[in-house]
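So the structure is just underneath, and the comments pick up after that.
Just so it is clear: chains get the letters A, B, ... in the order the sequence lines come, proteins before strands, and each one is counted from 1.
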Amino acid sequence: MRARDNPFRTDQVLTIRYRMIDGSFLGMMERLPELGYRGAIIGPKGAGKTTLLEDLEPALTALDFNITRLRLDDRQRSFPPAFLKNFFDRLTVRDFVLFDGAERLSRLAWLRFKMRTKKAGGLIVTSHRAGLLPTLKECRTTPEVLTEILEKLAGTPPADREVRLLYERHHGNLREALREMYDVYSAKGEKVLSAEQKPKTLMAL
Amino acid sequence: MSELEIRTRNDRTSFLPGEELAGEVTWQTGSDPGPIELRLFWHTTGKGTQDVELVEKISFSTPLRNDRREFRFVLPNSPYSFSGKLISIVWALELVMLNSGDTERLEVVVSPDRSEIAVTADIAS
């Protein structure tokens, strides 16, 4: 199958938004003032932390905050000192900082960051572990969420057992599970294109 | 909701590198449409991070509610439209109403034989 036809290509996967398992988006937004607009989204890899952080942006913009996004990942493991100095100097109470991958900062760097962003109107970070800031939301996944996503992307209801195996193989990491599905479709996906030959299950491809 | 349309000359959707890509765009909207742009760009799609490059854009001055404008681009020599299993490069035109965010998109093919190049990983053993 051509990359552009693969239902699990990146641009399609990015259309999937965070699915709340416990609680509601509104309930989470209502907790924010209680936490002084400073909280953490925590959870393991592939649980939807980044997606949820992105989903918060329009809601915070509607509250008249100016959003600043920061991100640390495997490609960028730290911020240049000059960038941080400029960033801190310009922060005002109208700014809301969304920081993806905060656990990558060293303990000392994090304490400095936390202190120097106090003048901002808010700060939400994502992290694999609790403790950086009060937990705003703990992200988790279930095989049912994976089923919903697979059905939405592939348009084919997958068999429960196959989804469960896929889910377990990736220890609940939905990002990795969807990458595996990309490869499955890429390798044998020609059949998927043919309406007459639609597979009964995703994993049967 | 606005109605937007992109039509290339003779409804062609495949072109040679360096060739002219011309046509007309139309739009109908119930209120002042605000600024409107036609963008020529390519992007990657597939398993990894997406790349996108805006090659050229045309901003239409003083657009009316119901309007028709001609456009003309000269395509660059690269990259070619191609598809493999891991990545595709897709060329497109996109007509955007900047205030409302309404868009219309038309994909085109740019390659030396005017058809998308298929790249496969199969290597004869």
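Annotation: A/Arg69, atom CZ; neighbour count of heavy atoms from other residues, nucleotides and ligands within 6.0 Å does not exceed 12. For CZ of B/Arg114, the number of neighbouring non-hydrogen atoms (other residues, nucleotides, ligands) closer than 6.0 Å is greater than 12. Within 6.0 Å of the CG atom in A/Asp160, the count of heavy atoms belonging to other residues, nucleotides or ligands does not exceed 12.
Within residues 7-33 of chain B, no residue approaches chain A closer than 4.5 Å by heavy atoms. Listed in order of number, the residues of residues 45-68 of chain B that approach chain A to under 4.5 Å between heavy atoms are B/Thr45, B/Gly46, B/Lys47, B/Gly48, B/Thr49, B/Gln50.
Here salt bridge (Lys or Arg N to Asp or Glu O under 4.0 Å) pairs that include residues 101-114 of chain A, with residues two or more places apart or in two chains, are A/Asp74-A/Arg104.
The minimum heavy-atom distance linking B/Lys85 with A/Ser186 is given by the pair CB-OG, 3.1 Å.
Interface remark: A/Asn6 contributes no atoms to any contact with chain B (heavy atom separation under 4.5 Å). For B/Ser83, the part sitting under 4.5 Å from any heavy atom of chain A is the side chain, from C-beta outward, and nothing else.
Scanning for ring-ring contact (aromatic ring centres under 6.0 Å, His included) contacts around A/Phe25 gives an empty result, with sequence neighbours left out.
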